[in-house]
Amino acid sequence: MTTAAPDTAPAAPRVPPATADPAAFKVVPARHPARWAGAAAVLVLVAQFTHGLATNPVWEWRVFGDYVLSETIVQAVWVTLQLTAYATVLGFLLGTVLAFMRLSHSPVLQTVAWTYIWVFRSIPMIVQLVFWFNLSALYERLGIGIPFGPVFWSVDSDSLIGTIGAAVIGLTLHQAAYAAEIVRGGVLSVDSGQREAAAALGIPRLRQIRRIVLPQAMRAILPTAGNEIIGLLKGTSVVYVMAIGELFYQVQVVYGRNGRVIPLLLVATAWYVLLTSLLSVAQYYVERRYARGADRTPPPTPLQRARRFLRDLRAAAARREAPVTALHPGGESR
């Protein structure tokens, strides 16, 4: 005797009734209590710091105003900029040569470049500067002649390499080691097919590097290079050990005479912040220029955003001031 199997068809899922009016739904904005609490804590800290800057008499803002644009400080800023410019240009030129030596197929060039980078990245900058400052103790005279043979011309080391020269040499050789790795990383970021296509077209290797490889590598080089230059600007303060009249050394000399340590340190801080900000702005626009090939519609610059904001404000004000034209029921204005 057989029995019929009961009907076990699955039940259809319940579908909520469709709502004709979307306005009946209640839209609840997302709440972020932790975000609001963090923002409030940060604002409180910023307010406390600002209040301390304005009310703490130790800052001595009057002394800061007396020295921030004084002739001594401005001349020291000029020396700082000179050291930064010389070390940047010479360091990146030497670093570019070292980078291509490391990328060379010659084991001799690779070994020499790797050893240079290893040595100069291992020795602190201040040690290198003191070493070059005392070069005359190691070599009293420098000359030109046949290697391991007679010397045709020589000069006293102190007269050839002065204090500024020793600082520039030390900063340049130190910077070149880091610039070499920056340039090498940028070159390696370029697709090898670019060089292969250029070689297939018979383009000379030097022109390949100058017109094809480096322009594409600049997008990878610039962010790190800009950061390195900013670090070099602040790193020039280390040359105070050589008694060179750069910004930090002159600030030390002034507060050593008048005892106003905090406001004079604030003077140096203000100048370093200003110079770093200018370098950051320059880096932004240089990166934007070299990004044109990859980003054909770059976002607007801060200046363009400000101009558009002002234009929108003027347009909104003009619309508010424009007279309202009333229309007759027949459609004619009066």
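Being a predicted model, the structure only gives us computed values, none of them experimental.
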Check: Are Ile117 and Arg102 close enough, and set up right, to give a side chain to side chain contact (heavy atoms under 4.5 Å, CB included), and what steps lead you there?
Finding: CA-CA 10 Å; Ile117 295 170; Arg102 284 207 63 186; 3.6 Å; yes
Check: Just wondering, do Met101 and Val112 contact through their side chains at under 4.5 Å, heavy atoms?
Finding: yes
Checklist line | Gap separating the OH atom of Tyr285 from the CZ atom of Arg289, nearest 0.5 angstrom | finding: 14.0 Å
Check: For the hydrophobic clusters of this structure (ILVMFWY residues joined by side-chain heavy atoms under 4.5 Å, transitively), does one cluster hold both Leu278 and Val89?
Finding: no
Note to self: Under 4.0 Å between a side-chain nitrogen and a carboxylate oxygen: does that hold for Asp312 and Arg308?
What the structure shows: no
Margin query: Is it the case that the side chains of Glu71 and Gln75 hold a donor-acceptor pair, with the cut-off being a distance below 3.5 Å and no angle test?
Written below: yes
Note to self: For a quick test of reading the model, state the closest non-hydrogen atom pair linking Ala217 to Val187 and the distance between them.
What the structure shows: CB-N, 3.8 Å
Next item on the list: Flag the pair Glu287 and Arg219 as a salt bridge only when some basic side-chain nitrogen lies within less than 4.0 angstrom of an acidic carboxylate oxygen.
Entry: no
Next item on the list: Measure across Ile73 and Tyr67 and return the closest heavy-atom pair with its distance rounded to 0.1 Å.
Entry: CG1-O, 3.2 Å
Note to self: For Arg207, is the CZ atom crowded, meaning more than 12 foreign heavy atoms sit under 6.0 Å from it?
What the structure shows: no
Notebook entry, point to check: Just how far is it from atom CG of Leu233 to atom CG of Leu81, taken to the nearest 0.5 Å?
Noted result: 7.0 Å
Notebook entry, point to check: Is any side-chain heavy atom of Leu53 closer than 4.5 Å to a side-chain heavy atom of Phe49?
Noted result: yes
Notebook entry, point to check: Nearest 0.5 Å, what's the CG-CE distance between Leu232 and Met125?
Noted result: 6.0 Å
Notebook entry, point to check: Just wondering, more than 12 heavy atoms not from Arg305 lying within 6.0 Å of its CZ?
Noted result: yes
Next item on the list: Take the angle between the ring planes of His174 and Tyr178 and call it parallel below 30°, perpendicular above 60°, tilted in between.
Entry: tilted
Next item on the list: Would you check if the side chain of Asn56 reaches a backbone N or O of Gly52 as a donor-acceptor pair within less than 3.5 Å?
Entry: no
Note to self: To the nearest 0.5 Å, what is the distance between CG on Leu171 and CH2 on Trp132?
What the structure shows: 12.0 Å
Check: Do Ile123 and Leu173 share a hydrophobic cluster (ILVMFWY, side-chain heavy atoms under 4.5 Å, transitive)?
Finding: yes
Checklist line | Under 3.5 Å: donor-acceptor pair, side chain of Gln110, backbone of Leu103 | finding: no
Note to self: Restricting to non-hydrogen atoms, name the atom on Ile230 and the atom on Ser280 that form the minimum distance, rounded to 0.1 Å.
What the structure shows: CD1-OG, 3.6 Å
Next item on the list: Would you name the heavy atoms of Leu83 and Val239 that are closest together and state the gap between them?
Entry: CD1-CG2, 3.9 Å
Notebook entry, point to check: Do you know the tightest heavy-atom contact between Ala268 and Val251?
Noted result: CB-CG2, 3.9 Å
Next item on the list: Keeping the roles fixed (side chain from Thr269, backbone from Leu265), state whether a donor-acceptor pair exists under 3.5 Å.
Entry: yes
Note to self: Surrounding CH2 of Trp61 (heavy atoms of other residues, nucleotides or ligands, distance under 6.0 Å), is the total greater than 12?
What the structure shows: yes
Margin query: I'd like to know whether OH of Tyr255 has more than 12 heavy-atom contacts from other residues, nucleotides or ligands below 6.0 angstrom.
Written below: yes
Check: In terms of hydrophobic clusters joined by side-chain contacts under 4.5 Å, are Leu188 and Ile212 together?
Finding: no
Next item on the list: State plainly whether one hydrophobic cluster holds both Leu93 and Met218, where clusters connect Ile, Leu, Val, Met, Phe, Trp and Tyr through side-chain heavy atoms under 4.5 angstrom apart.
Entry: no
Check: Is Val58 reachable from Phe64 through a run of I, L, V, M, F, W or Y residues, each pair having side-chain heavy atoms under 4.5 Å apart?
Finding: yes
Check: How close do Leu247 and Thr80 get, heavy atom to heavy atom, and via which atoms?
Finding: N-OG1, 3.1 Å
Note to self: Are more than 12 heavy atoms, taken from residues, nucleotides or ligands other than Tyr86, located less than 6.0 Å from that residue's OH atom?
What the structure shows: no
Note to self: Within this structure, what is the CD1-CZ distance for the pair Ile229 and Phe92, rounded to the nearest 0.5 Å?
What the structure shows: 5.0 Å
Next item on the list: Report yes or no: does Glu60 contribute a side-chain atom to a donor-acceptor pair with the main-chain N or O of Arg62 at less than 3.5 Å?
Entry: no
Margin query: So does Val68 get a backbone contact from the side chain of Trp271, meaning a donor-acceptor N/O pair under 3.5 Å?
Written below: yes
Next item on the list: Please round to the nearest 0.5 Å and tell me the distance separating atom CD of Gln175 and atom OG1 of Thr88.
Entry: 6.0 Å
